[in-house]
Amino acid sequence: MGEATDVDGEWEYVTYAPRGEKCTACRCEVQPLDPVRRSTVKREPDGPVAVYRHAGECPPLTQTATA
């Protein structure tokens with residue numbers, strides 16, 4: 001996935017990320033019920049790709065490391 005600085009425009013809306021996605025801010029795997037903000041990054045030649053960032057504060061690293 002792209003870095004947080006690659007995000008085009010604004011974060012679109014709050015949602016839940018698909019399994020296996022990582023937060024672009026803290027790089028931790030997003031848990032199934034963690035609310036996240038969604039945006040897109042341009043990736044050539046495949047086109048735009050969805051990226052996610054925790055909607056609130058990122059969880060402590062010790063919490064996500066055990067998942």
Side-chain angles (χ1 to χ4, degrees):
M1 291 295 140
E3 295 297 319
T5 56
D6 294 337
V7 175
D8 297 329
E10 300 294 319
W11 293 94
E12 298 168 357
Y13 51 84
V14 175
T15 187
Y16 299 101
R19 185 176 297 278
E21 292 292 333
K22 292 189 177 191
C23 174
T24 60
C26 68
R27 310 299 287 163
C28 293
E29 187 170 334
V30 176
Q31 299 304 305
L33 296 178
D34 288 349
V36 292
R37 294 196 177 275
R38 180 189 186 277
S39 191
T40 56
V41 294
K42 292 180 183 175
R43 304 218 50 201
E44 298 296 334
D46 298 328
V49 175
V51 294
Y52 302 92
R53 181 178 287 178
H54 287 105
E57 292 184 25
C58 291
L61 291 177
T62 56
Q63 177 183 349
T64 58
T66 60

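All values reported here derive from a predicted model rather than from experimental measurement.
How far CZ of Arg19 is from CD of Gln31: 8.5 Å, rounded to the nearest 0.5 Å.
For Arg38 against Ala50, the heavy-atom pair with the smallest separation is NH2-CB, 3.6 Å. Smallest separation of non-hydrogen atoms from Arg27 and Lys22: O-CD, 3.6 Å. Heavy-atom minimum distance, Glu21 versus Ala17: CB-CB, 4.0 Å. The minimum heavy-atom distance between Val51 and Trp11, with the atom names listed, is O-CZ3, 3.9 Å. Across all non-hydrogen atoms, the minimal contact from His54 to Cys23 is ND1-SG, 3.3 Å.
Apart from Leu33 itself, the hydrophobic cluster it occupies contains nothing, where clustering links Ile, Leu, Val, Met, Phe, Trp and Tyr at side-chain heavy-atom distances under 4.5 Å. Val30 belongs to a hydrophobic cluster whose remaining members, ordered by chain and number, are Val36, Tyr52; membership requires side-chain heavy atoms of ILVMFWY residues under 4.5 Å apart, directly or through intermediates.
Annotation: salt bridge (charged side-chain N to carboxylate O under 4.0 Å, His left out) contacts of Arg37 (sequence neighbours excluded): none. Take Pro35 and apply the side-chain contact (heavy atoms from CB on, under 4.5 Å) test, not counting sequence neighbours, and it matches Val14, Ala55.
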Checklist entry - Run the side-chain contact (heavy atoms from CB on, under 4.5 Å) check on Cys28 and Cys58 step by step: do they pass? => result CA-CA 8 Å; Cys28 293; Cys58 291; over 6 Å; no

